[in-house]
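No hydrogens, no waters, no symmetry mates; every other heavy atom, side chains included, goes into these values.
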Amino acid sequence: MENTNNENYNVALDNNNTTTNEATNVAEIKIQTPATTTNTETKEPNGQTIPQKKKPPLSGNGWTNDTKKAFEINEKIQKDRLNPHNKLNLKTNASVKITPLGGLGEIGGNMMVIETDTSAIIIDVGMSFPDGSMHGVDILIPDFTYLRQIRSKIAGICITHAHEDHIGAMAYFFKEIQVPVYGTPLPLEMIGAKFDEHKMRQHRSYFRAIQKRKPIKIGDFEVEWMHITHSIIDCSSLAITCEAGTIIHTGDFKIDHTPVDGYPTDLHRFAYYGEKGVLALLSDSTNSHGSGFTRTEKTVGPTFERIFAASKGRVIMSTFSSNLHRVAQAMDVAIKYGRKICVIGRSMEKNIDVAINLGYLKYSKDNFIDAHEVNKFQDKEILIVTTGSQGETMSALFRMSIHEHRHIKIKPEDQIILSAKAIPGNEGSVSEIINQLLKAGAKVAYQDYADIHVSGHASQEEQKLMLRLVKPKYFLPIHGEYNHVVKHSQTGIDCGVLERNVYILSDGEQVEITPKFMKKVKTVKTGKTYIDNQNNVKIADDVVLDRQTMANEGMVMIVAQISISERKIVAAPKVMSFGLVDVRNEKYFAKEVEDMLEHFLTHAKEGILENNRLLEDELRKTVRKHCLRKYKKYPMIVPTIIAQ
């Protein structure tokens with residue numbers, strides 16, 4: 001038997017022969033127990049054995065040579081595991097192009113194209129909301145011009161989750177281009193409901209329901225859907241692999257370790273791809289200014305419990321119709337307190353029906369009543385779940401607050417719960433609906449409860465965890481306004497991504513990525529298309545501009561009858577102004593326009609009077625210059641000239 005007591009301290013590695021475990025990519029170091037001294041035996045001439053002590057070799061720092069070698073090896077292992085370069089195929093000339101068409105420099109409207117020379121996939125086709133200057137516009141959708149140009153390359157659409165800012169423009173896209181749509185069941189069914197509204201049910205045949213953790217081939221890409229938590233059921237991140245490497249697209253996310261449905265983020269898959277080597281990470285930046293961790297969705301449940309326990313009348317809860325976990329928590333508490341549930345609002349009804357039919361939510365029909373049945377029960381036996389948390393004037397909650405809803409009117413005993421944060425730009429609308437509810441006598445729970453709403457987006461520590469798990473070579477923060485993206489880019493640099501490998505994208509910018517470099521290629525046409533969602537039709541840009549002009553600058557209408565031969569007005573013109581001068585000065589303004597018209601006719605160039613359209617254009621310019629000079633306004637001028 002081998003004697004181990006006197007073995008020297010050995011490291012079974014050298015610089016030229018490193019044993020690597022392929023599963024973990026970590027070098028194995030075999031270290032046997034060191035002895036502080038090594039005993040050897042020496043025999044005297046008389047045959048007596050005298051033990052001798054031998055000192056271990058020392059390095060210049062006073063360490064044993066073998067220990068220092070172990071430190072150097074461990075140092076190399078640490079650097080190698082954080083260095084993505086050694087995991088990518090630097091010999092390939094393959095590249096991949098990334099082009100965001102929405103979602104950068106804004107909240108919402110998310111849409112991105114990832115393509116090779118021969119194939120392209122689209123990630124999400126979302127909508128956004130208009131600002132106050134876009135009169136009569138209900139939603140905004142991305143400009144599809146670039147997609148029309150590469151139509152033959154598009155292999156499919158990959159959907160991350162079912163929020164409107166990721167699927168809201170699907171029906172409008174499918175009116176032009178039809179390609180396979182890949183996603184989990186909930187997003188596909190919600191897109192299907194939109195197709196039904198647009199009378200496009202036949203396009204459901206393009207749906208492809210995927211299995212998570214199972215990569216599928218789409219064109220030149222292999223795509224895997226990885227489960228992640230957010231503020232809606234069944235969200236996914238995407239691992240997109242092509243010849244150039246793997247791109248991780250997080251979609252919207254937070255890392256909730258105790259989600260309502262019990263399915264936390266699949267961190268193992270992110271780590272798996274991180275160990276294999278990730279070319280680029282595209283990650284949600286919406287909450288990049290938030291420090292620490294975003295609170296779990298379960299935080300809201302105890303708040304609902306306290307409110308329900310103290311409420312003697314009806315409870316009316318409003319949140320985003322897609323936030324089904326929030327809705328489920330309210331319904332669970334309602335059932336506990338013996339309340340019937342009434343769902344009001346088309347989108348809320350549709351989403352809850354889809355979730356129950358698919359099995360995401362499990363409730364009996366006996367728990368629900370229709371709006372016309374509410375008055376059959378005592379107020380303390382009712383929970384109303386409705387839309388309108390953003391103060392939308394067409395929402396059910398707003399109509400209840402102004403007593404215009406067919407079945408429900410706000411009572412002084414009602415307890416209102418607004419379980420949502422105002423979207424930037426909607427603060428005024430939310431304040432208005434709160435005022436209306438308070439005027440009706442109801443109690444409103446909103447900002448006075450700290451845990452009545454939690455974000456669905458990752459804060460800085462979760463963003464750091466994602467970066468550390470994935471360990472990308474290139475980092476492109478996405479989803480958010482410019483300040484959000486810039487903040488997230490700094491977090492990426494703090495987490496070890498080289499500053500030169502971080503790029504801040506803008507909508508329409510196309511970047512090309514290879515394992516060797518990243519560069520901007522070109523800028524493609526992008527922008528927004530205006531939609532009248534009541535009629536499901538597009539609104540021309542010039543129509544919206546005209547509305548803005550009329551709202552901000554006013555309008556002047558002129559009807560005049562003239563004699564071309566005599567170059568004069570036949571009768572006093574009719575002048576009407578809107579939003580430019582007050583009623584007292586209306587006659588004076590009309591006289592100004594009449595004088596201008598007479599002067600214009602007298603001095604008009606030859607040929608203008610014979611061309612009615614040219615005549616009206618020149619008169620329009622003359623009156624507009626006068627209004628700008630005198631009234632500091634640039635109104636819309638609508639002249640109608642009847643020439644004789």
Original post:
ring-ring contact (aromatic ring centres under 6.0 Å, His included) between Phe253 and His230: does it pass, once the steps are laid out?
Top reply: CA-CA 5 Å; Phe253 81 99; His230 182 38; 8.7 Å; no
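- Counting heavy atoms from C-beta outward, Ile539 and Ile531 have side chains that stay 4.5 Å or more apart.
- No side-chain heavy atom of Asp252 sits under 4.5 Å from any side-chain heavy atom of Thr160.
- Between His198 and Tyr172, the ring planes are perpendicular. Angles over 60° get that label, and only those under 30° would be called parallel.
- Salt-bridge annotation for Asp532 and Lys538: absent, with no side-chain N of the basic residue lying under 4.0 Å from a carboxylate O of the acidic one.
- For the atom pair CD1 (Ile240) and CD1 (Ile247), the distance works out to 6.0 Å, reported to the nearest 0.5 Å.
- Among residues two or more places apart in sequence or in another chain, the side-chain contact (heavy atoms from CB on, under 4.5 Å) test is passed with Lys79 by Glu75.
- The shortest side-chain heavy-atom distance between Tyr182 and Ile218 falls under the 4.5 Å cut-off.
- For the residue pair His453/Lys421, the side-chain donor-acceptor check at 3.5 Å is not satisfied.
- In summary, the side chains of Thr118 and Asp220 do present a donor paired with an acceptor at a separation below 3.5 Å, with no hydrogens or angles considered.
- With sequence neighbours left out, the ring-ring contact (aromatic ring centres under 6.0 Å, His included) criterion links Phe293 to no other residue.
- Between the side chains of Thr246 and Thr241, a donor-acceptor pair is found at a separation under 3.5 Å.
- Looking only at atom types and distance, the side chain of Ser231 has no donor-acceptor partner in the side chain of Asn323 under 3.5 Å away.
- Under the 3.5 Å distance criterion, with hydrogens and angles disregarded, a donor-acceptor pair is assigned to the side chains of Ser459 and Thr294.
- Just one residue in the list Leu324, Val354, Val260 forms a side chain to side chain contact (heavy atoms under 4.5 Å, CB included) with Ile233, and that residue is Leu324.
- Looking only at side-chain heavy atoms (C-beta outward), Leu140 and Tyr530 come within less than 4.5 Å of each other.
- The environment of NZ in Lys175 is crowded: more than 12 heavy-atom neighbours from other residues, nucleotides or ligands sit within 6.0 Å.
- Of the N and O atoms on the side chains of Gln510 and Thr99, at least one donor lies less than 3.5 Å from an acceptor on the other residue.
- Side chains of Asp234 and His161: a donor-acceptor N/O pair is absent below 3.5 angstrom, by distance only.
- Judged purely by distance below 3.5 Å, without hydrogens or angles, the side chains of His479 and Thr286 never pair a donor atom with an acceptor atom.
- Between the side chains of Glu512 and Ser95, at least one donor-acceptor pair of N or O atoms lies under 3.5 Å.
- Of the possible donor and acceptor atoms, none in the side chain of Lys473 sits under 3.5 Å from a partner among the backbone N and O of Asn501.
- At least one side-chain heavy atom of Ser237 sits under 4.5 Å from a side-chain heavy atom of Met226.
- Between Thr526 and Asp143, the side chains place no donor N or O within less than 3.5 Å of an acceptor N or O (distance only, hydrogens not considered).
- Ring planes of Phe174 and Phe195: tilted class, angle from 30 to 60°.
- Between Ile157 and Pro180 there is no side-chain heavy-atom pair separated by less than 4.5 Å.
- Residues Asp266 and Arg269 are not paired through a salt bridge, judged by the lack of any N-O separation under 4.0 Å between the basic side chain and the carboxylate.
- Using a cut-off of 4.0 Å between Lys/Arg side-chain N and Asp/Glu carboxylate O, Lys214 and Glu224 are scored as not salt-bridged.
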Original post:
Yes or no on side-chain contact (heavy atoms from CB on, under 4.5 Å) for Asp353 and Lys350, after CA distance, side-chain angles and deciding distance?
Top reply: CA-CA 5 Å; Asp353 282 344; Lys350 175 190 68 179; 5.9 Å; no
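- Remark: Glu499 CD is loosely packed, at most 12 non-hydrogen atoms of other residues, nucleotides or ligands lying under 6.0 Å away.
- Residues Val485 and Ile478 form no side-chain contact, since every pair of their non-hydrogen atoms from C-beta on lies 4.5 Å or further apart.
- A salt bridge does not link Arg624 with Glu618: none of the charged nitrogens is closer than 4.0 Å to a carboxylate oxygen.
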